[in-house]
Amino acid sequence: MKTIIFFGAGKIGKRMLELWRQFGIQPDFIADNSSELWNTFYQGVKILPVAELRSMTDILALITCNQVEDVRSQLLDYGIDPENIYKGNTVKDMLLFWASYMNGKLQWDIPETDKKTAERKSSFKVVFDVQFGFVLGGVEAWALETGKRLVAHGKDVKFLTTDTRGWVQREADNSLIQIKGVNKLSESDRLLKGLIAIGKCRPCNVVCNFPCDNFMSACWAKMLWPQDINLIAVVHNDEEIYYKYYGAMKEVIDYCIVTCDAMENYFLGCGMAKAKIVRMAWEISCRGKLERTYSKEGEAIRIGYAGRIVVPQKRADLLAEVVRLLRERNINFRLEIAGTGDYEEELKQIFAEQSGQICFMGQIPRENISDFWKEQDIGINCSDWEGRCISRAEAMASGAVPVVTDTSSVRDEVQDSYNGYILSCGDAEGIADKICYLYFHREVLRLMGERACEAIMEQNQKDDLTGMWNAILKS
């Protein structure tokens with residue numbers, strides 16, 4: 001049996017002790033470097049002289065102060081195994097620890113003040129994590145479209161968010177769960193609010209789209225109510241934070257939805273059970289026969305971009321570089337940019353003198369996105385990382401030739417030089433080269449566009465979206 005030590009009896013250590021005691025767990029001892037605290041007690045837990053740690057065995061030490069690296073070095077000097085030393089000065093760090101050592105042992109009930117509005121039904125609802133609102137991009141669109149499909153199949157669907165921007169309220173619609181005022185709350189209060197919101201929805205399937213606060217609250221809920229919570233973690237792209245937190249919570253997660261082999265292999269490598277890993281299935285609207293036109297020689301080649309206009313991940317700054325290169329080469333083009341983001345105004349200033357060639361379309365409604373792509377010869381994507389990119393697939397389904405960077409899962413749909421082009425991440429010149437080739441070889445547009453559409457149709461036939469959700473959702 002391991003001995004659990006909190007190292008740090010200051011404000012952080014005391015706050016952590018008070019918080020976790022509510023959930024039926026606490027350390028065996030507290031250690032601290034302040035000699036005046038030695039052999040005293042805080043809420044019944046003894047504070048040890050640090051020297052006593054040298055003679056103790058089977059210690060699990062959580063560092064509950066801000067001097068993490070200094071204390072870690074001190075514990076290593078005392079002979080404590082580095083694998084038994086954990087960062088514990090935030091609630092998220094503590095949750096990662098309890099998930100490994102106390103899963104299923106937590107006890108708690110929703111406070112009386114929050115019980116009055118709690119829903120309790122026998123059937124499992126489906127709660128989608130859309131933490132950042134409904135206007136950002138493909139993840140949010142995927143959650144809304146998937147939710148609609150599940151509602152059509154009789155599921156009770158909810159959306160858990162901290163931001164209601166972009167939400168369209170429907171008559172008698174009670175599917176929105178908003179966690180309010182999070183910007184003014186401490187980390188522990190934010191996570192507790194999320195925990196309470198999920199607790200009110202029990203029993204439920206929680207579909208987590210981001211390794212952020214809602215995910216950590218869902219993990220907390222799973223540890224408290226394992227029979228009432230079915231935790232589904234979705235890896236939407238290969239950003240490192242997904243691997244860090246989903247991998248650390250592998251014991252708590254019931255299913256992990258991935259979009260490519262590389263993601264699956266990572267989680268298998270970190271010890272996640274293969275039975276928990278599910279390959280994402282989806283359906284992109286794609287008609288059997290492609291009916292559209294392409295630009296002809298002498299006309300402007302039409303280039304489309306759809307997604308968040310931001311630099312991190314999406315690399316919207318490379319759009320400006322591609323435009324510069326095309327203008328240097330005297331290419332007649334028109335670029336239409338659909339979406340919004342914090343780089344939008346700067347990009348508009350960069351393109352201020354090229355308003356005839358560059359058009360900002362704003363946020364396009366989902367029902368009109370196919371029409372947008374049918375007006376484009378080329379679908380461009382400059383991202384440094386992606387998952388299974390909805391925007392790319394929608395472009396291909398409408399016959400736009402993908403000229404995209406080599407992110408995860410791109411090769412599941414794009415065959416380089418057959419139905420599109422794949423360039424290294426950050427290679428603006430390579431993207432410009434391929435656009436130039438298509439500009440001077442217009443006959444290739446229809447050939448590649450038809451092949452791109454066929455690839456999405458084939459993928460639709462392979463994917464069993466209904467079967468995937470039936471297999472992982474509790475009802």
Side-chain angles (χ1 to χ4, degrees), residues 1-111 185-196 213 216-217 219-226 244-245 248-249 251-252:
M1 188 71 175
K2 298 285 188 181
T3 300
I4 297 176
I5 304 286
F6 281 9
F7 197 112
K11 289 182 179 179
I12 294 174
K14 289 175 179 176
R15 188 171 70 244
M16 290 299 176
L17 176 63
E18 292 163 2
L19 172 65
W20 294 109
R21 176 169 275 175
Q22 297 176 53
F23 294 85
I25 51 178
Q26 66 180 35
D28 296 293
F29 300 100
I30 301 173
D32 198 277
N33 283 319
S34 299
S35 58
E36 64 269 20
L37 298 177
W38 295 348
N39 295 314
T40 64
F41 290 81
Y42 182 74
Q43 295 194 1
V45 181
K46 186 176 182 180
I47 301 175
L48 297 176
V50 291
E52 289 191 18
L53 299 180
R54 294 183 183 276
S55 60
M56 298 175 69
T57 58
D58 290 329
I59 289 176
L60 289 173
L62 289 114
I63 302 172
T64 53
C65 62
N66 286 325
Q67 295 72 38
V68 174
E69 293 308 316
D70 289 343
V71 172
R72 187 188 305 277
S73 297
Q74 186 178 357
L75 292 170
L76 290 172
D77 288 342
Y78 290 161
I80 297 174
D81 189 326
E83 292 187 358
N84 291 334
I85 301 172
Y86 295 84
K87 187 169 178 279
N89 59 354
T90 71
V91 178
K92 286 183 180 178
D93 291 323
M94 282 285 197
L95 283 169
L96 298 178
F97 173 79
W98 298 131
S100 297
Y101 291 98
M102 291 290 177
N103 188 15
K105 297 180 181 178
L106 277 68
Q107 301 171 0
W108 189 66
D109 199 3
I110 293 177
L185 298 177
S186 66
E187 179 205 35
S188 59
D189 287 341
R190 291 198 316 270
L191 296 180
L192 277 168
K193 276 209 165 192
L195 175 64
I196 290 168
D213 283 1
M216 299 307 293
S217 293
C219 290
W220 203 343
K222 177 67 180 182
M223 287 186 272
L224 279 165
W225 307 298
K244 175 183 176 181
Y245 283 101
M249 289 298 193
E251 301 299 330
V252 178

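By the 4.5 Å heavy-atom criterion applied to side chains, D28 and K2 are not counted as neighbours. Side chains of C219 and L95 form no contact here, defined as non-hydrogen atoms less than 4.5 Å apart. In this structure, the side chains of L62 and P27 stay at 4.5 Å or more apart for every pair of heavy atoms. W20 places a side-chain heavy atom less than 4.5 Å from the side chain of V91. When side chains are defined from C-beta on, L60 counts as touching Y86, because their heavy atoms get closer than 4.5 Å. When side chains are defined from C-beta on, I4 does not count as touching I25, because their heavy atoms never get closer than 4.5 Å.
Here F23 and W220 bring their ring centres to under 6.0 angstrom of each other.
Considering NZ of K87 and SG of C65, their distance stands at 10.5 Å, rounded to 0.5 Å. Here I63 contributes atom CD1 and D93 contributes atom CG; the two are 10.0 Å apart, rounded to the nearest 0.5 Å. For the atom pair CG of L191 and OG of S217, the computed distance is 4.5 Å after rounding to the nearest 0.5 Å. The line from OH of Y78 to CD1 of I85 is 11.5 Å long, rounded to the nearest 0.5 Å.
Across M223 and V252, no two heavy atoms sit closer than the pair CG-CG2, 4.1 Å. Closest of all the heavy-atom pairs between L53 and A31 is CD1-CB, 4.1 Å. When every heavy atom of Q26 is checked against every heavy atom of L17, the shortest pair comes out as CB-CD1, 3.9 Å. Residues I5 and M56 approach most closely at CD1-CE, 4.1 Å, considering heavy atoms. The shortest heavy-atom contact between I30 and A9 is CG2-CB, 3.7 Å. Closest heavy-atom contact between F6 and M16: CE2-CB, 4.0 Å.
No donor-acceptor pair under 3.5 Å is formed between the side chain of T64 and the backbone N or O of N89. Put simply, the side chain of D58 never gets that close to the backbone of T3: no donor and acceptor are under 3.5 Å apart.
Every residue two or more places apart in sequence or in another chain that forms a side chain to side chain contact (heavy atoms under 4.5 Å, CB included) with A61 is listed here: I59, L75. Residues meeting the salt bridge (charged side-chain N to carboxylate O under 4.0 Å, His left out) test with E83, sequence neighbours left out: none. Legend: residues meeting salt bridge (charged side-chain N to carboxylate O under 4.0 Å, His left out) with K92, ordered by chain and number and at least two apart, are D213.
For residues 59-82, the set of pairs meeting the salt bridge (Lys or Arg N to Asp or Glu O under 4.0 Å) definition, not counting sequence neighbours, comprises E69-R72. Sorted by first and then second residue, the pairs that involve residues 43-52 and meet side-chain hydrogen bond (donor to acceptor under 3.5 Å, both in side chains), not counting sequence neighbours, are R21-Q43. Judged as a side-chain hydrogen bond (donor to acceptor under 3.5 Å, both in side chains), the pairs with a partner in residues 33-42 (not counting sequence neighbours) are, in order, E18-Y42, D32-S34, N33-Q74.
The environment of K11 atom NZ is sparse: at most 12 non-hydrogen atoms of other residues, nucleotides or ligands sit within 6.0 angstrom.
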